[in-house]
Amino acid sequence: MEGADKDVANGSKETGLSKKLKKKLAKIEKSLSLKEKLQLTDFPTKVLCVQNGGLGNDVCQEELMAAFSPHGAVDCVIMLPRKPYAFVCYSDCSSAMKAFQHLNGHTLKQGKDPSQNVILYLLYVERAPPSVVPSSERPPGLHILEDFVTIQEEASLIEHFKFNIEDSEGQKECGVMKHRQVKHFGYEFKYGINDVDINDPLPDGIPTICKGFLDRSLATGLVHFFPDQLTVNQYKPGQGIPPHVDTTYAFEDGIVSLSLGSQAVMDFRHPDGRHLSVVVPRRSLLIMTGDSRYVWSHGITPRKSDIVATPTGCGLTLVHRDTRLSLTFRKVVMDRKEEGKSVIEALLPETEGQAVALEKEHVQQVYDDIAEHFSGTRYKPWPRVVDFLQEQPPLSLLADVGCGNGKCLGVNKDLFEIGSDFSKNLATICRSRGNETCVADVTCLPFRSDSFDVVLCIAVIHHMATKERRQKAVSEIVRVLRAGGRALLYVWAMEQDLQEKPSKYIHVNRQKRIEGSGSPDDEACVVSGDHSRIASSESEESGRVSAGGDGGFVGGTQKMSELPGDVEKKSDRDMGLEERYGSSVGSRKELSDKSCSVSGSVCRGIERCGEEKKESDGSEIVSDCSGLSISERCKDEGVSAGEEKITRKDGSEANLESHDKGRTTGKKLQIHVNRTQFQDQDMLVPWQLKKAAKSCDVSASGSDQQQVFHRYYHMFQQGELEAVCQGVPDCSVRKSYHDQGNWCVVLEKL
Ligand SMILES: O=C(O)CCC(=O)C(=O)O
Ligand SMILES: [Fe+2]
């Protein structure tokens, strides 16, 4: 940073304030006191509020210090996350007055780029707000050993591993990723399959230059293996790595990463939504073990600067990123069980009963088992889904059928929403986020007919195991829509490479591979659950993230629905609502009452998701919102015994699976190899789950805790979804398109 006199461009000759400046200050004053509730004074104080000098303007504490300290002794500079203003506290009033006269309305130059310059406007405040103290919390099992290599060692390592022009894409061990450059030693890490080939080691093992600090890392007792695989990542400012868990079955516990050249802020996310941003200093050794290695994902958000704790740890500042080289060392697992080998023999169903049994075991049960992990990989609805939701008129009533953790709920705050999911555990997560949610089967929805203006059904119908059941799902959606109501349906497409480039799910060409992508329904991490990347996560955090988990600017990513409060707001037009929905929507009073909400008005009963009733025989039945067990309700609606869907947790589940067993096509369902083209329309798609260790047990070996689950999918061919919809009476396909490996349809109830 240059000297303060230089930075404050317009010099300091002027003592009085110009008319124009006074006008500007009056405007800022109004906004700060009204919107920000700052206590501004019209008499001088020791504390200056510096408009445009905040973290929100990319200004860092050091820059303010340099500009303000020439005018007197500065006690502290307080910066708040994302705010466009900061506070400079002088030890006496006359210094603050001096700064006020000299710096008001002047330009603070930031670096060489004039577009980054800001004009500072100063106002006196009674006192500064308390500074935000960044949390130093870390995921369990994560260790950061500072100053692990000396400055000289760092320089030699940077020189040794620097990327040359000849480190081209053609070389096996080098690659240019979307957001960084990589090279490998020992074994190539193949991003297409998120794995290494143990039978194909690279000619160069771990370079000997690393031996010294690797021996030191073993001596700490935190890692137990000398590594045999090294990935060198080079990040330029603005680059990052999407959130991922390093492939659990490919590498042992204890992943080690040495940071060179620049610090990084690494974002760790727990499947339950917790989010911790951890500063990884330059020359430090980061060691991920236990939960931090297996349960939490890690990633670096691509941006040019980070908000971090000040060196004293009591406030925030901004640090611009420099080129960073990281050396990530891993020990390849040699005696692994082959993915999916031990598992299953599932057949393509021929009858309704077989289909129901398959869906129960390979859809409902799997989502129940992986719910927490799965939910942690779901952050953001797809842009075109968002567009569809935003297009809906205010006060529309929406059902998100197959809502999962509820990531699509709350996108358009002007809607009344209810989510349903076949998986009780996912529905419970969705509900815990404040969404109206029930457990329901899409082929038998617990909602009144002609109730909804909008239905969302994303990544659900491909889990139905026969054509008839896919059609049945669509007809249920149409049944609950009002005439003129619209549904958006997304299903996985057989055709993953329809567009000019392959969908983000497939990484066919290693040079052109796109990281951060998902499987067709945004399933990135998911499908393997491991080193795969979460599609939307890079863009979802364009905002700054600080070094800590406090102050509301980092912390949980869970978005709580504001339904009860919102309803009060939205119900201004409740007369109109009554007209539109008749008895299906209550009065203003009912709506604003937390105990009576959307589900109570459109569901055909009174109970809510997750409410469990004890049966007389002691078994538990999870009720959907109809108040009936699902099996009872299906019977009630004349559904045959073969379609019985019961959610008993005890042995009575067997009833369901006994239907029609024995009559099948005999066609065995193949297991899909994640991130490759689908080989068949009906497949089992693996999900790698690393079970959460109970505590931070650094010595816990990952392999014994790992589990593979298989979800049944029917991949739709071009035109197939439209054909299913066309087979359903009273609806018309208004739009159909291909979106990142999904076939999508907007249909309207006639
Ligand atoms: O750059 C880093 O420190 C992390 C790299 C990483 O997570 C990976 O390559 O898997
Ligand atoms: Fe990693």
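Side-chain atoms are counted along with the backbone in the values below, which use heavy atoms only and exclude waters and symmetry mates. All ligand and atom numbering here is 1-based and tracks the order in the structure. If you're wondering where the values come from, they're calculated on a predicted model, not measured in any experiment.
The aromatic rings of Phe189 and His184 sit tilted, their planes meeting at an angle between 30° and 60°.
Checking only distances, Ser257 does come within under 3.5 Å of ligand 1, N or O to N or O. Note: an N/O pair closer than 3.5 Å links Tyr235 and ligand 1 by distance alone.
By the criterion of a heavy-atom distance under 4.0 Å, the side chain of Asp246, and not its backbone, is placed next to ligand 1. Here Ile241 has side-chain heavy atoms under 4.0 Å from ligand 1, and that is the only part of it that gets that close. Only the side chain of Arg330 comes within contact range of ligand 1, with a heavy atom under 4.0 Å; no backbone atom does.
Here the Fe ion (ligand 2) is the vertex; the OD1 atom in Asp246 and the NE2 atom in His244 give an angle of 90° (to 10°).
Contact of the Pro140 side chain with the Trp296 side chain is registered, since non-hydrogen atoms from C-beta on lie closer than 4.5 Å.
Not a single heavy atom of Arg180 sits under 4.0 Å from any atom of ligand 1. By the 4.0 Å heavy-atom criterion, Phe189 is excluded from the residues contacting ligand 1.
Qualifying side-chain hydrogen bond (donor to acceptor under 3.5 Å, both in side chains) partners for Lys211, counting only residues two or more places apart in sequence or in other chains: Asp215. Residues passing the side-chain hydrogen bond (donor to acceptor under 3.5 Å, both in side chains) test with Thr150, sequence neighbours excluded: Glu153.
Considering Asn233, Leu286, Leu325 only, the shortest heavy-atom separation from atom 5 (C) of ligand 1 involves Asn233.
Under the 3.5 Å distance criterion, the side-chain polar atoms of Asn405 are left unmatched by any main-chain donor or acceptor of Ile429.
The atom of His298 nearest to the Fe ion (ligand 2) is NE2, with the search restricted to N, O or S atoms.
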